[in-house]
Number of protein chains: 2
Amino acid sequence: MSDTRRKLIDGAIEAIRTVGISGVSARSIAAAAGVNQALVFYHFGSVHELLGAACMTHTKASVELFQPALDKVTTLKQLLAVGRDMHTQQSQTFNVTILAQLLAGSRTDAGLAETTRAALQLWIDAIEQVLIRVLATSPAKDLVDTKGLASAVSAAFIGLELYEGIDPAGAVHALDTLDQLAVLVEVVDDLGPIARRAFRAKVKRVADR
Amino acid sequence: MSDTRRKLIDGAIEAIRTVGISGVSARSIAAAAGVNQALVFYHFGSVHELLGAACMTHTKASVELFQPALDKVTTLKQLLAVGRDMHTQQSQTFNVTILAQLLAGSRTDAGLAETTRAALQLWIDAIEQVLIRVLATSPAKDLVDTKGLASAVSAAFIGLELYEGIDPAGAVHALDTLDQLAVLVEVVDDLGPIARRAFRAKVKRVADR
DNA sequence: GTCTATACCAGGATAGAC
DNA sequence: GTCTATCCTGGTATAGAC
């Protein structure tokens, strides 16, 4: 990949982060990239195309970067912790920030929507693998669709990121609460044999109906 | 409130819905409202001010409209059902769609961020009241911070709305999965006295540490 | 492949007629 | 309170020099 293409992609990420989807433009991206504005169109054809390419590249790199951390996760609480770590470690280029802005922008551009969907799917797939592993020993195992839950978790994370933008303290509070709830799940997983059997029976009854 | 102000507020909602935060402008709003573009500035001073006013008005009306439905909710499953109903019944003016777009736009405007925060808070407060009622009889009661959970639920809903924009089928699937999970909570709430006592003891131990 | 220059349009905002 | 006209800025996109 040429040097300018890479600069433009980095510039696009930087621009989305600083001015948001509603302020991003060929000029703001070129300024962040330190190259001429016309090159956006030479290399990518349009601003939206560049945004899509940047989103895909950035998401791929981000998922790969955190894959080792995800592989170590054995509880829901730890999964949440990885999410929070991502945010603090990479506050300058946090991928979920980018995805949130592009998701909002995808409302008016079908092409961008498709790329954003594909990028988000990378996270969903990675998270699903974690969930399959984490839930393998849970008594609630048969009641949970891992694909659906992985989508829900990803979407929720995006919502929390947007919420953080308007109420940082509230977002921390919300995440702390989810942390507590993750403990609740462990409590269920950790019930004694009698309670566990009663739980399983209930779950089975509910799952069958 | 004057007729034109109302028209502009309705037009702003309409414009956010159709062109999104990145496409919204004094001209697009005025076109949707059927009034002259200059009136945006006469009545509201700036486009962002109008967006903030529209967001607040629309959210207030939406919360009031769904308050009776929220008052009837007695389980998490029903709370989720109200959310889904809102979406289908009000697909033209779904308030969460508006909030999601303004949340994304708030990244670059502190004033808009504050108004959006206040508007979202209306939902969070309403949902917290529901949660207090729903969780009152749950054995997990003492472990859950209702304020934090209400924020998390609201944020998650916004994320799901954005996700729906790029993958409608995936979003339905995610919501169906959450529906199943809500059942799981009922299972816990519905354990027999022995299991319930064991559960409470575990929760207490966890809550104390 | 990159830069300059430029055409052209959309958006924010104001002045002033009515 | 509303409309017309207008200014200016910044946005997309292309042509053409280098």
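Naming: A, B, ... by sequence-line order, numbering from 1 per chain.
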Fill in the blank from the handout: Taking for B:Q37 and for B:D3 the nucleotide of DNA chain D with the nearest heavy atom, the one nearer the 5' end belongs to B:D3
Exercise for the section: Determine the contact category for B:V47: base if any of its heavy atoms lies under 4.0 Å from a base atom, sugar-phosphate if only primed atoms, P, OP1 or OP2 are that close, otherwise nothing. Expected result: sugar-phosphate
Exercise for the section: Side chain of B:L39 only, please: which of C:dT4, D:dT2, C:dT14 is the nearest? Expected result: D:dT2
Exercise for the section: Figure out the CD/C1' separation between A:E49 and D:dA13, and round it to whole Å. Expected result: 15 Å
Handout entry: Approximate separation, where rounding is to 0.5 Å, of A:I13 CD1 and A:Q92 CD
Key = 13.0 Å
Report all side-chain donor-acceptor pairs from residues 40-50 of chain B shorter than 3.5 Å, counting only partners two or more places apart or in another chain.
residue, atom, partner, partner atom, Å
B:S46, OG, B:E49, N, 3.2
B:H48, ND1, B:D109, OD2, 2.5

Problem - Phosphate-side-chain proximity, B:R27 and C:dA10, N/O vs OP1/OP2 below 4.0 Å - result: no
Handout entry: Atom-pair distance (CZ on B:F44; P on D:dG1), nearest Å
Key = 11 Å
Fill in the blank from the handout: Separation between CD (A:E161) and NE2 (A:H87), nearest 0.5 Å, reads 4.5 Å
Handout entry: Selection from D:dT4, D:dA13, C:dT2 that lies nearest to any side-chain heavy atom of B:A38
Key = D:dT4
Problem - From CG (B:N36) to OG1 (B:T4), nearest 0.5 Å - result: 10.5 Å
Problem - A:S106 side chain vs A:L102 backbone, donor-acceptor pair below 3.5 Å - result: yes
Problem - Phosphate contact (D:dT12 OP1 or OP2) by A:H48 side-chain N/O below 4.0 Å - result: no
Exercise for the section: Report yes if a side-chain nitrogen or oxygen of B:S46 is closer than 4.0 Å to either non-bridging phosphate oxygen (OP1 or OP2) of C:dG12; otherwise report no. Expected result: no
Practice task
Hey, which sits more toward the 5' end of DNA chain D by its nearest nucleotide, A:G23 or A:Y42?
Solution key: A:G23
Exercise for the section: Just call it for B:T4: base, sugar-phosphate, or nothing, with non-hydrogen atoms closer than 4.0 Å on any strand. Expected result: sugar-phosphate
Problem - Spacing between B:F41 atom CZ and C:dA13 atom C1', to the nearest angstrom - result: 5 Å
Practice task
Could you check how far CG of A:N36 sits from C1' of D:dA17, rounded to whole Å?
Solution key: 13 Å
Handout entry: B:S25, nearest nucleotide to its side chain (from D:dC3, C:dG1, C:dG11)
Key = C:dG11
Handout entry: Whole-Å gap separating P (C:dG12) and NE2 (B:H43)
Key = 17 Å
Handout entry: Atom pair distance, as rounded to whole Å: CG in B:L8 and P in D:dG1
Key = 12 Å
